[in-house]
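Written out below as structure tokens is the structure these notes cover.
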Amino acid sequence: MVRVIKNAKIFAPKYVGKLDVIFHNRIIHISKDVNPFFVPFEIEIYDASGLLLLPGLIDPHVHITGGGGEGGFETRTPELKISECIKNGITTVIGCLGTDGVTRSLENLYAKAKALENEGLNIFIYTGSYRLPPVTFTGSVIKDIVLIDKVIGVGEIAISDHRSSQPTFEEILRVVADARVGGMISGKPGTVNFHVGAGKRGIDYLFEIIQNTEIPIQHLYPTHMSRNKWLFEHGLEFAMRGGMIDLTALQPKNDESSKSEFNTIDAILKAYENNLLENITISSDGQGSLPKFDEMGNFVGLSVGSVSSVWHTIRKVVENGLPLEEAIKVSTTNPAKVFKLNKGRIEKGYDADFVLVNEETLEIVSVVSKGEFLMKDGVLKNLNFEF
Ligand SMILES: CC(C)C[C@H](NC(=O)C[C@H](N)C(=O)O)C(=O)O
Ligand SMILES: [Zn+2]
Ligand SMILES: [Zn+2]
């Protein structure tokens, strides 16, 4: 079905004015005052008066089958409900495993990815989990990337963290080399998503790779880079060399980090001041655990990441003075660049993934993914097991 969204104020991300957008699964045409009765076929009209039209949000790090477990079996976190993504404007997700690569499987990750895709989202996954040697589908990272359609890279590989496998530099380098060539052969980005812990080695391994090997920086994609101010400073240095860094979004309920001296909002504003916003993405760590450990490394407790943190963070950054057309880049054009996706822009030929928000409140009203409304004026499409 061809559709037209009329009278929306469009942020492409740049604000381009009030225009009409005609689309199928991709954007066909954008112009003023489209008259749908002039086209010689049926076209569905959506009047977006009073709404802003943004590119669908891309969340590059979600534990779609659940994660956690750092406090024992009862702390394994629940899997993702697709309605959470839709209500929060997320139309593209990269799924991953985390600490627990034993009871969480890649087969389950793949099945969940296909389920989310079949119900309307755009989904990709990483092979591997925290540990090296990595868990794989086929026994090899290269084969996983080349032969498993949804696999676009490897992650989240833990470094500088007491929960990592304490990988050697050679182990890390081999995974990145395999991801690069696997990506080349299959036309995929071959991205390696590094989970960077609070350890004092930070992203030393990544600097070593770009300084001492032939591997280009675009394959190295560290996350949790606003975990603390010290790590973020190193992240900015990595960004100055052309690298992309991912920040874990500010969790709506987690008022601790919003009160702590440094959080993701500060990090985004600082990147903007340093003219490095184009090197920043944010991710929710959705359904991943957000565990706390004491100084002796004893587990203290954990909360669960929420995909709602992405839009929450963008709104907070706008409240702190960053223009909307800048703030949304961290979840549209920037992650689209990391994964080489035909997404993240409201331009002819781009995928028809949209979020429509109330221009006064920035509340999310409607969501379109692959040209289909998944939520229209606050009403979700019918979803399995979600009543
Ligand atoms: C960035 C911080 C706050 C959360 C972060 N979460 C994960 O890495 C995911 C988790 N280990 C899981 O497997 O579900 C962490 O633990 O450091
Ligand atoms: Zn992590
Ligand atoms: Zn994670």
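Start at 1 and go down the list; that is how both ligands and their atoms are numbered.
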Can you pull out every side-chain hydrogen bond (donor to acceptor under 3.5 Å, both in side chains) where at least one residue sits in [range]? Sequence neighbours excluded, please.
range	value
residues 56-67	Asp59-Ser284, His61-His63, His61-Glu156, His61-Asn193, His61-Asp285, His63-Glu156, His63-Asp285
residues 313-322	Arg315-Glu363
residues 177-188	Arg180-His219

Taking the six-membered ring for Trp, are Phe262 and Phe232 closer than 6.0 Å centroid to centroid?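 Yes, the ring of Phe262 comes within the 6.0 Å limit of the ring of Phe232, centre to centre.
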> Are Phe373 and Phe354 an aromatic pair by the rule of ring centers under 6.0 Å?
Replying inline: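 Centroid separation for Phe373 and Phe354: 6.0 Å or greater.
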Flag if over 12 foreign heavy atoms under 6.0 Å of [atom1], [X]:
X	atom1	value
Glu42	CD	no
Lys14	NZ	no
Phe73	CZ	no
Lys9	NZ	no

[X] neighbourhood, listing ligand 1 atoms whose heavy-atom distance to it stays under 4.0 Å:
X	value
His224	1 (C), 5 (C), 8 (O)
Arg163	11 (N), 15 (C), 16 (O), 17 (O)
Gly67	14 (O)
Gly68	12 (C), 13 (O), 14 (O)
Gly288	14 (O)
Gly98	13 (O)

Around [atom], find the nearest protein heavy atom and jot down its residue, atom name and distance.
atom	result
atom 3 (C) of ligand 1	Leu290 CD2, 3.9 Å
atom 10 (C) of ligand 1	Ser289 OG, 3.2 Å
atom 13 (O) of ligand 1	Thr99 N, 2.9 Å
atom 2 (C) of ligand 1	Arg227 NH1, 4.0 Å
atom 8 (O) of ligand 1	Tyr130 OH, 2.7 Å

Quiz item: What is the distance from atom CD of Glu171 to atom OG of Ser165, rounded to the nearest 0.5 Å?
Solution: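 Rounded to the nearest 0.5 Å, the CD-OG separation comes to 6.0 Å.
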Contact between ligand 1 and Gln287 is defined here as a heavy atom of the residue under 4.0 Å from a ligand atom; is it met?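 It does not; every heavy atom stays at 4.0 Å or beyond.
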Heteroatom proximity flag, Thr248 to ligand 1, N/O under 3.5 Å =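 Not met; the criterion fails.
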Does Cys96 bring an N, O or S atom to under 2.8 Å of the Zn ion (ligand 3)?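 So Cys96 does not count as coordinating the Zn ion (ligand 3).
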- prompt: Are any of the side-chain nitrogens in Lys229 or Glu233 under 4.0 Å away from the carboxylate oxygens of its partner?
  reply: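 Yes, charged N to carboxylate O under 4.0 Å.
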With a 4.0 Å cut-off on N to O distance, would you call Glu372 and Lys381 a salt bridge?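 No, this pair does not count.
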(request) Count, excluding waters, the protein N, O or S atoms that are closer to the Zn ion (ligand 2) than 2.8 Å. (result)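 Protein heteroatoms (N, O, S) closer than 2.8 Å to the Zn ion (ligand 2) number 3.
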query: What do we get for Asp285 next to ligand 1 when only non-hydrogen atoms under 4.0 Å count, side chain, backbone, both or neither?
result: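 Side chain only.
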(Q) On a heavy-atom basis, which atom in Ile217 and which in Arg241 lie closest, and how many Å separate them? (A)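 Heavy atoms of Ile217 and Arg241 come nearest at CD1-O, 3.7 Å.
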